[in-house]
Amino acid sequence: MAYKTNLYDVSKCTACRGCIIACKDWNQLPAVIEPFKGNYCTHEDTNGDTFTIMRFIEEETDPADDVKWHFLKYQCMHCFDPACMKVCPRHAYTKTEWGATYHDPEKCIGCQYCTYACPFHIPKYRKREDKITKCTLCVDRVEAGLTPACARTCPTGALSFGDRHELLAQAEERVKFLRANGFPNATIYGKLELGGLNKLYILTDTPDKFGLPIDPKVPAQIPFWKDWVQPYVGWLIPLALAGSAFSFVTTRMLAGKHGEHAEGGHE
Amino acid sequence: MAGLSPSFGRGAMTNHVVDLKNTDFALIMGSNAAENHPVTMKWLTKARLERGAKIIHVDPRFTRTSQVADLYAPLRSGTDIAFLGGMVKYIIDNERYHKDYVVNYTDAPFIVKEGFSFHDGLFSGYDPEKGQYDNSSWDYEVDEEGKFVSDPTLQHPRCVFQLMKKHYSRYDIDTVCNITGTPKNKYLRVLEMYTQSGAPDKTGNIMYAMGTTQHTVGTQNVRSYAVIQLLLGNMGRPGGGVNALRGENNVQGSTDQALLFHIIPGYITSPSNSPAHKNLEAFLAKETPKTGFKVNQPKWVVSLLKAWYGNAAQPENDFAYHYIPKREETKNYSHIAMFEAMHRGELDGLFIWGGNPVVGGPHANKEQEAMCNLKWLVAADLWLTESAEFWTYQAWNRPASETKVKKRTPKDIQTEVFFLPAAAVYEKEGTAANTGRWVQYRGKAAEPVGDSMPDLWFIYEIGKRLQAAYANSKDAKDEPIKYMTWGPYGDGHEPSVVEVGLEMNGYYVDDPRKPVPGFPKLAADGSTACGNWIYCGQMTTKANGDLDYKPMWRDNKDNSKTGLGLYSNWSWCWPVNRRVLYNRCSVQPDGVTPWPGDEKRQLIGWDPLAVSDPLTGKLGKWVGDDVPDFNTALAPTEPGGINPYIMRPEGKGCLFAAKASTKDGPFPEHYEPWESPFPNLMSKQQNNPAIKVWEPDKQANPDEYPIIGTTYRVVEHWQTGALTRNLPWLAELMPNMFVEMSEQLAKIKGIRNGDKVIITTIRGDVEAVACVTKRFKPFVVGGRTVHQIGTVWHFGFNGYAKGDPANRLTPHIGDANTMIPEYKAWLCDVRRA
């Protein structure tokens, strides 16, 4: 089955935040009212009741030039090789056929291991349920043949949803156009990062300008522990016993050779 | 409206929202379209992708619209006329104007009569004592037959073109940038880019909103757009137009239905107590021009009277003309005037329907005080608004340091307050006329909460009960209430919107279920009744005899053969479903040849072989995908055949706004806002000479209040926030009252991003959170640096997201023509709280 992905084209986004509201509405998330502290985005990050936020980042490289106001819709990236899935002790995470990273609340024990493993720090703890929540890529809508709520709402078409390879082709064209028309650093984010993300971005500048990690990495201990050690952890005990037994037997055998020296005889 | 009507003949957005996708250049000025009209961005995005359109944004502050624009230029609030004046000079000097269009479709060749003059900021005819103009010298020359005299070579020194050239010769680039504070290189780039739309195969459109109109020179700001668009040949063509982005989703509908003191439905001047209006005949003689489509006005007025008074309106009794209350000819009944009168104790009661002056009104402190003088107040809204609760303790909380407001308590206030819970838009059926004049019907999607009812029901019930109360009165003065037609509109519990729509459309008095098919069929003899002539044609009958209410039409197919997005079968627009006004201009004067290179955007054309009258077999008709804005049987070669602006007596687009078109001048001229830190660099006339000054002693001294302040909106909230601040998700996005200021100003004042600050004006203080931003920059004007700050006016003391109303800062001063308050440029100071 083909992967279905969300494409977010920053160059068309006006930060109207209809997507933010649509997400709250579809998922019936309560409002989290935090005070305005000087930035249009009142949340520093997503939280247990806010799956997606819009970042507003002002940049001014040259006062004689125009200021830039970077907008970025930020949410779970639905990685193809998700760290959250790797570390979850209860296997609450799975990948759907079409590419969403699905979190099953029934299995979740709220340990928050996934929060620390995620290179984007996305899964957030919802205290009242003692569980993790995050963007679902509107799994329920998509599997009923609809588009995710955010893409459905977007008035300018900055957000779209469809077959990954088609959207990727469109994104390549768009980036080529943008690079030739005032945005020389335009780039795609999500094509190759972390082995591919199921949320694609067309950025008008380098990822760091939008607060995105340029080369996101899962913390090194995790693949080490999870890919190299943990799969074999079940063998540790039998291996240790076997090692012991081997050691015992061979020591005895070695001792047996020089046995008359080992018995008695001490002054 | 007041700027569009004198220029083109109608005061409404000339094109429509979908049409934006057909543009080559969009100049967004006095508007933050991406935030306040987000759907326009959908179509502009298409224009960019499909036609390579360019978006230019001019605004004191870099907004979300600026971020998606191709070009942004800042300007000091209140200097639009200077900015645009420089563009007119540039267009003329560099011959960027569309010559054929200007000569044939505008009044550029018309000669203005001797006696008209302009000197040092004043036009001829000014009376400084009265503070107003005698505009009789602002008129064209006419020959013995009363026809306009013109010079198609545009050389005559008194032709409109030459007078305009002379007037705008003073707006050179250096002078303009010195007034507006726009960096010269940015200014030139805007001029260079936008004036490319003067090419015959290009169109540009200007999108504007309150940033343009909410000034003491608001009307002339809009007139400036009209002048530019006429010169560039952008009117009446797809992707062109002067596109007023209305401030509310149904304000177009409200003004169409005459919710303005000086008109009756269909933008007809309302009768006054002047001798010129002493009876119907006199009124019609005075108000009906001799040429142009408005010669038909008597038919619209008589039909309106029949709709209002039914059988009580007969030829013998002047069609009950004397029943209509007559306003005092010289009295101003606008919002500011009304609250000034209320403040003096002259009004007993007030109905507020979905309004909230305690938050939205200018000089909100004074308006709230004024309301304390009322004997009664009826407020209809979804939630208890700040105005409905103007009398509570919390309504009088002010920042601790505030000394300008006398605090009141409920026991000081004797007003009896009634609250009518209104159903929300989704809880009732009805229509809304959007900014593009499209009247779209919406059905009821949910039941109202509790006892809430639609406004229509409340108003109908009030009228019904008034009639019952006066049913047995013998007093002549009660007859207007006794005899007004008042439903029933259907036989349901609530009035039927379709039935009201039928009355609005018009019907035949002898056959009341038969809708009048269009306003050409309205009569002045009492045989037709019509609630609003511009809506005539919105109702028809289906084959089976049922009423067909065109605002309900939902055909999603674009009927334009060249993909122009007309969607003529989706809803209905006025007039007579004409989507692009003045569309005679989309083809050359010969009526047959499209503008070179612009074949795809020709909307109508003259077909000499089409039958225009089946009865006589007369040949020759205007045809096209859009409804022609022209007499369909009038050939291009006949007299009037190249007069596209049918609602103007001149028949042409008016670069020169003659006579009583405006109160402040036939050409726009820059004046400073009423509160300004600068002298006017264009002339010695500091402010608009025709404005009414209500509080001469409340004009801020720039030494005390050196910072320019402005107000605006954000996409997350709507108007006074009476709805949006009661919705948790929206309160989450924008929870607090904030003020945006430059990093430079913040540094001088010791304010950090996120600090609480006090904004203070001569009228009141307001507390806000500082948003220190790179998107505001100081302006260098006349060699001096001046700072500007901006704040949102959405906040009030109720709801989840509370804050101080910004309008406690704005002045009671309005545009000379419309009285729209100057919310956009005033003086203040700011300090840490």
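Heavy-atom basis, side chains included; hydrogens, waters and symmetry copies ignored. Numbers restart at 1 for each chain; the letters A, B, ... are given by sequence-line order, proteins then strands.
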Quick one: what part of A/Ser11 sits under 4.5 Å from any heavy atom of chain B, side chain, backbone, both or neither?
-> backbone
Do B/Lys774 and A/Glu59 sit within salt-bridge range, that is, some charged N less than 4.0 Å from a carboxylate O?
-> no
Side-chain (A/Glu172) to main-chain (A/Ala169) donor-acceptor, under 3.5 angstrom | no
Identify which of A/Ile33, A/Asp66, A/Val10 forms the greatest number of heavy-atom pairs closer than 4.5 Å to chain B.
-> A/Asp66
Of B/Val769, B/Leu49, B/Asn185, B/Leu733, the largest count of non-hydrogen pairs under 4.5 angstrom with chain A goes to B/Leu733
Select, from A/Cys16, A/Ala31, A/Pro155, the one with the greatest count of heavy-atom pairs under 4.5 Å involving chain B.
-> A/Ala31
Side chain B/Arg713, main chain B/Gly247, donor-acceptor under 3.5 Å = yes
Heavy-atom distances under 4.5 Å only: say whether B/Thr773 touches chain A with side chain, backbone, both or neither.
-> both
Measure from the side-chain N and O atoms of A/Asn47 to the backbone N and O of A/Asp49, and report whether any donor-acceptor pair falls under 3.5 Å.
-> yes
State, without any angle test, whether A/Asp45 and A/Tyr74 hold a side-chain donor-acceptor pair at a distance under 3.5 Å.
-> no
Measuring heavy-atom distances to chain B, does A/Ile20 have an atom under 4.5 Å in its side chain, in its backbone, in both, or in neither?
-> side chain
Most heavy-atom pairs under 4.5 Å with chain B, out of A/Lys37, A/Met54, A/Lys68, A/Glu58, belong to A/Glu58
Minimum heavy-atom distance A/Cys84-A/Cys114, with the two atoms named = CB-CB, 3.6 Å
Are the charged groups of B/Arg61 and B/Glu740 less than 4.0 angstrom apart, N to O?
-> yes
Name the region of A/Cys154, side chain, backbone, both or neither, that has any atom closer than 4.5 Å to a heavy atom of chain B.
-> neither
Between B/Tyr72 (side chain) and B/Asp59 (backbone), is there a donor-acceptor pair under 3.5 Å?
-> yes
What part of B/Lys186 lies closer than 4.5 angstrom to a heavy atom of chain A: side chain, backbone, both or neither?
-> side chain
With a 4.5 angstrom heavy-atom cut-off, which part of B/Leu727 approaches chain A: side chain, backbone, both or neither?
-> neither
In plain terms, say whether B/Glu192 and B/Arg189 are close enough for a salt bridge, that is, a side-chain N and a carboxylate O under 4.0 Å apart.
-> no
Segment of A/Asp25 engaging chain B (4.5 angstrom heavy-atom cut-off) = both
Okay, B/Ala770 and chain A: the region with an atom under 4.5 Å from a heavy atom over there is backbone
Contact winner vs chain A - B/Glu716, B/Lys46, B/Glu35, B/Arg48, heavy-atom pairs under 4.5 Å = B/Glu716
Output the option from A/Lys12, A/Arg174, A/Glu60 having the highest count of non-hydrogen pairs under 4.5 Å with chain B.
-> A/Glu60
Examine whether an atom of A/Phe177 lies under 4.5 Å from a heavy atom of chain B, and if so say whether it belongs to the side chain, the backbone or both; otherwise answer neither.
-> neither
Looking at A/Tyr201 versus A/Phe210, is the centre-to-centre ring distance below 6.0 Å?
-> no
